[in-house]
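Remember, it's 1-based here, ligands and their atoms both numbered in the order they're listed. The shown structure was predicted, so the numbers you read here are calculated from the model rather than taken from an experiment.
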Amino acid sequence: MSTITTGPDTAPSAAAGPVVSRRRARRATRVWLLAAGTLAAGSIVAACGGGAPATVAPTSTTAVRSVEEIERQGGAATVFNEGAGAFEQPVPGMDSQQRRTFAVGNSLFNQNWVTAPASTTGRDGLGPIFNAQSCSSCHFRDGRGRPPESADDPERGLLVRISVAGDDGAEPHPVYGDQFQDRALRDQTAEGSVVITTTERPGRFADGTAYSLAVPDYALITADGTDISGSLMVSPRVAPQVIGVGLIEAIPEEDVIAAEDPDDADGDGVSGRAHMVTDPRTGETVLGRFGWKAAVPTVEAQNAAAFVGDLGITSSLHPDQPCTAVQTECLAAPSGGEPEIEDDELAQVTFYTRTLAVPARRDVRADDVVAGEKLFSEIGCAACHTPTQRSGPSDIEALHEQTFSPFTDLLLHDMGPDLADGRPDGDASGREWRTPPLWGIGLVERVNDHTRYLHDGRARSLSEAVLWHGGEASTAQGRFTRLLAAERRALLVFLESL
Ligand code: HEC
Ligand code: HEC
């Protein structure tokens, strides 16, 4: 129960640290900031308690697969590494040239970009306004970000997209654009800071076990101290782990589209539709695959958008800095090159991210993992989190025509009002989200030292992540709350084995 206030952050060269003051808040509410920000450990759902009978369909027969086939959830792109480096591994089977490109891409992903002009011209061009200095400051160890936990928290894993209502639904804000950059170079003004306030919402499983969900609220405080969130559509998002994106990219578009059921013709309450978007390289309309709303079609497009939006690094795909027409000081800042990242470097980062391997599953023969996997299908989770996909042809051997288990259909689903951000993104509505892949989810804690899930990291455990499901997932969520304690635990242990 504290209110934490910081001013917007500046680049490290600007030396001045954030101004921090604290005072007591009146209600059972925690406030913290993005530029530094958090959540003390809240009540995690207890995984025990007696039980009301669960409504679970009879066990279906699962195809017999060998232990190794089950473990290899990334097909030939699987690595057997369950340590803190589990998300950083190259896919097996690359030649020496490919491994060199991976290594160069890795360093571009991890290096801190600096203010232009600098003697190290290969890595200048940061900002003028930005959210982080490197890709890895949000995707630490190629993993997942989380909301900040206190005013002193240097965590950079969350960013905030914004829009205002316009003729076409949502338009960039005339002053702040479509992303709230909370940091700036010396002599520049950061757009402001993000204040997150959470309120606990208690609930109970059918067996009486109590849980509590932390309902977040986001205020955007500009440099002059005004909260502009009321006049905006605000979409906070944490950085997901980057593993397996090459496989996701190689799934034939028609396979994803074939699974659409926009009008719920089969009447199971789950519809799902493909998010068709424009490929910035070709101008063609193609399937969106990446990001929390599947608004981005390719790994290259995602990376180029991250360079300009998150770091302020221009590329041939995004030649303009993230400044709006009225941000004159931002527009006048020195450039680190035209563009700031060359095409060959962008290609190296793209190769690197595309060839990040998927860690193998663990404990796949344990009784509760096997029981949990059955429950996952039976209570309807697999209707969206499609266990198996197949890739088409790829010039990277480990990605070529593989059968793998991302646990996603890559489709958009209406997840109900509680998860809605109210901000349309491309053709995705303010209530729709892409089913996220679940592979690697059981290793997030080991890699990133936290257990925060969902698009804005609001869930503090896997159980909370499931409890937040609504909309098309209401039936599955309801069944989850009616499981016996032992079944609930089995389902969660299964998720931890991914
Ligand atoms: C400020 C934090 C932040 C930084 C810095 C950042 N990212 Fe991200 N990254 C995100 C967020 C948030 C998403 C989800 C975006 C969305 O929903 O539109 C994401 C998504 C991605 C994805 C898609 C993953 C998926 O499963 O859909 C890739 C690939 C990626 N980022 C690569 C990069 C690269 C390369 C860089 C450096 C140029 C980078 N990111 C820098 C926050 C960040
Ligand atoms: C109607 C489709 C749908 C169904 C059914 C569904 N999910 Fe999800 N799931 C999603 C979407 C979409 C998200 C992302 C929502 C968000 O971030 O706001 C998600 C998120 C998750 C996450 C967090 C993932 C992450 O990367 O943070 C977990 C864990 C999860 N689901 C497990 C389950 C389980 C277990 C079930 C069955 C009880 C289930 N889901 C049923 C669509 C679905």
Run the numbers for me: atoms of ligand 2, each under 4.0 Å from some heavy atom of [X], listed by number.
X: R434; result: 12 (C)
X: G380; result: 5 (C)
X: Y453; result: 27 (O)
X: E472; result: 1 (C)
X: R144; result: 25 (C), 26 (O), 27 (O)
X: I379; result: 38 (C)
X: L454; result: 15 (C), 16 (C), 17 (O), 20 (C), 23 (C), 25 (C), 27 (O)

Requested in this report: Compare all side-chain heavy atoms of F290 with those of I248 and state whether any distance is below 4.5 angstrom.
Outcome: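 Heavy-atom side-chain distance check passes, below 4.5 Å.
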**Report entry** Any L247 side-chain heavy atom under 4.5 Å of Q402 side chain
**Finding:** yes
Query raised in the report: Does ligand 2 have an atom that lies less than 4.0 angstrom from a heavy atom of E432?
Result: no
Query raised in the report: Does ligand 2 have an atom under 4.0 Å from some heavy atom of A383?
Result: no
Query raised in the report: Name the one of V286, V245, T350, D279 that satisfies side-chain contact (heavy atoms from CB on, under 4.5 Å) with T298?
Result: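 Checked V286, V245, T350, D279 against T298; only one passes side-chain contact (heavy atoms from CB on, under 4.5 Å): D279.
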Could you tell me which atoms of ligand 1, counted from 1 in the order shown, lie closer than 4.0 angstrom to a heavy atom of [X]?
X: S134; result: 5 (C)
X: F109; result: 34 (C), 35 (C)
X: C138; result: 1 (C), 2 (C), 3 (C), 4 (C), 5 (C), 43 (C)

Query - atom 3 (C) of ligand 2 - nearest protein heavy atom and its distance - result: C384 SG, 2.7 Å
Part of [X] within contact of ligand 2 (heavy atoms, under 4.0 Å):
X: H413; result: side chain
X: W292; result: side chain
X: D456; result: neither

Report task. Would you check if atom 8 (Fe) of ligand 2 lies under 2.8 Å from any N, O or S atom of H469? Result ->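 So H469 does bind atom 8 (Fe) of ligand 2 by this criterion.
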Query raised in the report: Is the distance between atom 8 (Fe) of ligand 2 and the nearest N/O/S atom of C381 smaller than 2.8 Å?
Result: no
Query raised in the report: Can you tell me if S163 and R423 form a side-chain donor-acceptor pair at under 3.5 Å?
Result: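 Yes, because at least one side-chain N or O of S163 sits under 3.5 Å from a partner of the opposite role on R423.
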Requested in this report: Could you check whether the rings of F376 and F407 sit parallel, tilted or perpendicular, using 30° and 60° as the cut-offs?
Outcome: perpendicular
Query - Ionic contact status for R431 with E472, cut-off 4.0 Å - result: no
Report task. Using a strict 4.0 Å threshold on nitrogen-to-oxygen distance, state whether E464 and R458 make a salt bridge. Result ->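 Answer for the salt bridge query: no.
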Query raised in the report: Taking the six-membered ring for Trp, is the centroid-to-centroid distance between Y453 and W468 below 6.0 Å?
Result: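 Between Y453 and W468, the centre distance exceeds or equals 6.0 Å.
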Query raised in the report: Centroid-to-centroid, F351 to F102, below 6.0 Å?
Result: no
Query raised in the report: Does T198 use its side chain to pair, donor to acceptor, with the backbone of A214 at less than 3.5 Å?
Result: no
Requested in this report: Check whether more than 12 heavy atoms from other residues, nucleotides or ligands sit under 6.0 Å from atom CG of D268, and answer yes or no.
Outcome: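 Yes, enclosed.
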**Report entry** Selection from P436, S474, S271, S463 by shortest heavy-atom distance to atom 11 (C) of ligand 2
**Finding:**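 Checking each option, the heavy atom nearest atom 11 (C) of ligand 2 is found in P436.
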